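Working notes, structure below.
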Amino acid sequence: MIELYNTLTKQKERLVTREPGRVAMYVCGPTTYNYIHLGNARALVVFDTIRRYLEYSGYKVEFVQNFTDVDDKIIDRAKEEGLDPHDLARKYTGAYFEDADGLNVRRADLHPKVSEHIPEIIALIETLIAREFAYVAGGDVYFSVRRFPQYGKLSGRRLEEMLAGARVEPEANKLDPLDFALWKSAKPGEPTWPSPWGGGRPGWHIECSAMALKYLGTNFDIHCGGADLIFPHHENEIAQSEAATGEPFARYWLHNGFITVRQEKMSKSIGNVFLVRDILRLYPAPAVRMFLVGTHYRSPLDYAPEYIEASVRSVERLETCFQLLTEALGRALPGRGEDGLLDERLSVIESEFKAAMDDDFNTARALACCFDLIREVNISVHAAVLPSKETLEKAMGVFCGFNRVLGIFPERDGRPVFKRRVSTQTTLAWDIEGAKDDDLAMRLLQLLITVRQEARQKKDWTTADRIREGLRELGVVLEDTPEGVRWKRV
RNA sequence: GGCGGCAUAGCCAAGUGGCCAAGGCGACGGUCUGCAAAACCGUUAUGCGGCGGUUCGAAUCCGCCUGCCGCCUCCA
């Protein structure tokens, strides 16, 4: 039974979906005016992980994430870069996928763009005008906030409080300073689409309502985004959508916490914005992902480079464990072995993992289960008598299942794949992405290992250590084990 | 000004009334090893920002205080 914190009700609630066994999920995606930064990455990874867990739990998930490719910021940035706004949006949409892929974020089922849904947006605005929730003023269209009595129910605000806020700036055409734009008339040189109210473009909030309603309908299950979107973006989405349809918009609202950099807000003015592509050049992607899921998604997350460095070592332990398990599976016998308590422990660890994730997607607790798994597996594969092949296969299944949820390592055929090069006794080049076993370097490496083994047999430790140290300087670490020599690149 | 969040070991981070306060990184000691590495074992918070209160019992609930952060129509 999954429980999740609903911003709308400010409490954890049991997940009851619109249709049994199915989850319809909408995530507010990026505005494509720049490369994504770590804060964007957190939202992506968090909601990707939630999606993965829902599927792990047996739900069929329909996952929609939009691109805001029509926006004031895009227009401004396009001027700076000397590009057409449409080309600029396309450029950063492509860059988004590069970065998201790097973080092992799965593609959504649908990635709708604002620019491709202008007719739906116009139709929605016309409905709002017809139902007298919106009015035309000049070439603009505004939503009448006071016509929607429930306005503020998501963010917990009252209209009077908002009016007291210092930053409500009345615009000439608005009848009420609280009203917000559904349609903005275009200034010369700006992207423009024809509409019943003249040439212009959609306001910021109406796009998500139009696209979510089109693809997921009313009363869909989960709507996600960063905590900063609660107000005004999501508040306005609710107002528009429910005013237009007369039905609830979304059942559960999930919001991820912010990232700070050494306790400070990440912002351009401070100059501490970290782009995903820059971080991925410095650290292995699995370590970055582990850092991001190491904290509960609603908590604030402080970033500093050394925090990711701590995850690098943890990721290595996961890799080592997987390698040891793979080797052990090659040696284990079906139906025979000393299982000890492994089988039972695996069941306990797996159910604890589920309990953690069922509790509002507590990835930090789930990660602790991964380390419990590592320890149990490592103990077993080093035991004098291996567990049975069946039990080790169960361990492999649990390992891969955890990875499928947390997305630490990319997968191929359900198994994690690693960027590092490592060997086993059974294969020279083990699970290497794109590596060739007959590579000259591989042959030379194997030759050096053989020469060293001969030296070791003659107790020529000077030569043996010379080779090991030399290889280490070249980035190849040798490990002597009872079964033979293992190597890995670092 | 209004609304909301956070404060747990050297560092990161779970835990929201009751076994010795998860887990990770780091550090130290040990087992194994020719030496290493990897792995494993042990140690590392009588205390959870401070002061009161409720309770048989609180990191966990209440009040006050301190510090930090976010939102209030650009923002994941």
Side-chain angles (χ1 to χ4, degrees), chain A residues 7 10 27-31 33 36-47 71-73 76 145 152 155-158 160-169 171 177-181 203-205 224-233 235-236 255-260 263-268 290-291 294-296 298-302 304 306-314 316-317 320-321 323-324 352 356 359 362-372 374-375 377-379 381-383 456 459-461 464-465 468-469 472 477-482 485-488:
Chain A
T7 305
K10 295 178 173 51
V27 180
C28 284
T31 300
Y33 72 111
I36 61 169
H37 59 246
L38 193 61
N40 299 300
R42 185 181 195 194
L44 293 173
V45 166
V46 158
F47 298 121
D71 182 86
D72 292 348
K73 293 192 294 294
D76 294 343
V145 167
S155 54
R157 287 157 209 268
R158 297 175 192 188
E160 305 78 54
E161 291 166 354
M162 285 182 254
L163 273 177
R167 283 200 239 168
V168 177
E169 291 171 23
E171 286 173 32
L178 291 174
D179 295 346
F180 58 88
W204 175 32
H205 317 291
C224 314
D228 56 326
L229 295 182
I230 295 171
F231 190 88
H233 186 55
E235 194 70 70
N236 291 355
H255 295 95
N256 65 279
F258 257 59
I259 283 189
T260 53
Q263 309 293 338
E264 281 186 309
K265 180 180 176 173
M266 193 161 60
S267 79
K268 274 186 186 168
M290 182 176 284
F291 166 71
T295 301
H296 184 85
R298 284 191 285 114
S299 300
L301 174 58
D302 192 46
E306 58 265 31
Y307 300 157
I308 292 187
E309 279 165 20
S311 297
V312 171
R313 172 77 187 120
S314 297
E316 285 175 13
R317 286 187 61 206
T320 300
C321 178
Q323 181 184 5
L324 291 170
E352 283 177 353
D359 183 11
N362 194 325
T363 51
R365 260 169 69 197
L367 206 52
C369 295
C370 293
F371 290 108
D372 290 339
I374 287 176
R375 189 180 322 103
V377 168
N378 284 339
I379 289 170
V381 300
H382 282 105
R456 289 183 71 218
K459 300 200 188 302
D460 178 2
W461 309 125
D465 292 348
R468 187 171 64 193
E469 283 312 304
R472 179 191 295 278
V477 172
L478 298 188
E479 297 174 10
D480 301 323
T481 77
V485 180
R486 177 185 299 122
W487 62 266
K488 63 186 176 189

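Naming: A, B, ... by sequence-line order, numbering from 1 per chain. Being a predicted model, the structure only gives us computed values, none of them experimental.
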Pick base, sugar-phosphate or nothing for [X], based on heavy-atom distances below 4.0 Å to the nucleic acid.
X	value
A:A368	base
A:L44	nothing
A:F371	sugar-phosphate
A:G226	sugar-phosphate
A:Y307	sugar-phosphate
A:L367	nothing
A:K73	sugar-phosphate
A:H233	nothing

Spacing of [X] atom [atom1] relative to [N] atom [atom2], expressed in whole Å:
X	N	atom1	atom2	result
A:D359	B:A22	CG	P	18 Å
A:F231	B:C72	CZ	C1'	6 Å
A:E306	B:C11	CD	P	12 Å
A:E235	B:C3	CD	C1'	12 Å
A:E309	B:C11	CD	P	17 Å
A:M266	B:C75	CE	C1'	10 Å
A:N40	B:A76	CG	C1'	5 Å
A:R42	B:G70	CZ	C1'	13 Å

Problem - Salt-bridge contact A:R468-A:D465 (side-chain N to carboxylate O under 4.0 Å) - result: yes

Exercise for the section: Taking only Lys NZ, Arg NE, NH1 and NH2, and the carboxylate oxygens of Asp or Glu, determine whether A:R486 and A:D480 approach each other closer than 4.0 Å. Expected result: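 No salt bridge links A:R486 with A:D480.
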
Check nucleotides 5-10 of chain B for protein N or O atoms closer than 3.5 Å to its own N or O atoms and list the pairs.
none

Taking the [atom1] atom in each of [N] and [M], what is the distance between them to the nearest angstrom?
N	M	atom1	result
B:C65	B:U55	P	23 Å
B:G34	B:C19	P	46 Å
B:C20	B:C35	P	42 Å
B:G57	B:A39	P	46 Å
B:C48	B:C3	P	30 Å
B:A21	B:G47	P	11 Å
B:U43	B:C56	C1'	34 Å
B:U60	B:U44	C1'	25 Å

Handout entry: Pairwise 5' ranking along RNA chain B for A:T295 and A:G225, keeping only the more 5' one
Key = A:T295

Practice task
Find which nucleotide of RNA chain B each of A:D302 and A:S155 is nearest to by heavy atoms, and output the residue with the more 5' nucleotide.
Solution key: A:S155

With side chains defined as the heavy atoms from C-beta onward, is the minimum distance between [X] and [Y] less than 4.5 Å?
X	Y	answer
A:F291	A:S311	yes
A:M290	A:I308	no
A:H255	A:R298	no

Fill in the blank from the handout: For A:T295, the side chain to side chain donor-acceptor pair (under 3.5 Å) test, sequence neighbours excluded, returns none

Handout entry: Under the side chain to side chain donor-acceptor pair (under 3.5 Å) test, residues paired with A:D460 that sit two or more places apart
Key = A:T463

Problem - Which nucleotide in B:C25, B:A14, B:A76 has an atom nearest any side-chain atom of A:A310 - result: B:C25

Practice task
Kindly compute the distance separating CG (A:N256) from CZ (A:F47), expressed to the nearest 0.5 Å.
Solution key: 4.5 Å

Completion exercise
B/S/- along nucleotides 34-39 of chain B (protein heavy atoms under 4.0 Å) is BBBBSS

Handout entry: A:K459, NZ: over 12 other non-hydrogen atoms inside 6.0 angstrom
Key = no

Handout entry: Sequence neighbours excluded, every pair satisfying salt bridge (Lys or Arg N to Asp or Glu O under 4.0 Å) that has a member inside residues 36-45 of chain A
Key = none

Exercise for the section: Would you check if the side chain of A:D179 reaches a backbone N or O of A:V145 as a donor-acceptor pair within less than 3.5 Å? Expected result: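 Yes; at least one donor-acceptor contact below 3.5 Å.
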
Handout entry: Exam field: side chain A:N362 to backbone A:R365, donor-acceptor pair closer than 3.5 Å
Key =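 Yes: the side chain of A:N362 pairs with the backbone of A:R365.
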
Practice task
Give a yes/no on whether any side-chain N or O of A:N362 is located under 4.0 angstrom from OP1 or OP2 of B:G15.
Solution key: yes

Problem - Bracket string, RNA chain B, 5' to 3' - pairs by Watson-Crick or G-U geometry under 3.5 Å, | interstrand - result: ((((((((.[[[..)..(....]]]((((((.......))))))....[[[[[..)....]]]]])))))))....

Exercise for the section: Anything under 30° is parallel, anything over 60° is perpendicular, the rest tilted; go ahead and classify A:H205 against A:H233. Expected result: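 Tilted, since the angle between the ring planes falls between 30° and 60°.
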
Handout entry: Donor-acceptor pair between A:D302 and A:T260 side chains, under 3.5 angstrom
Key = yes

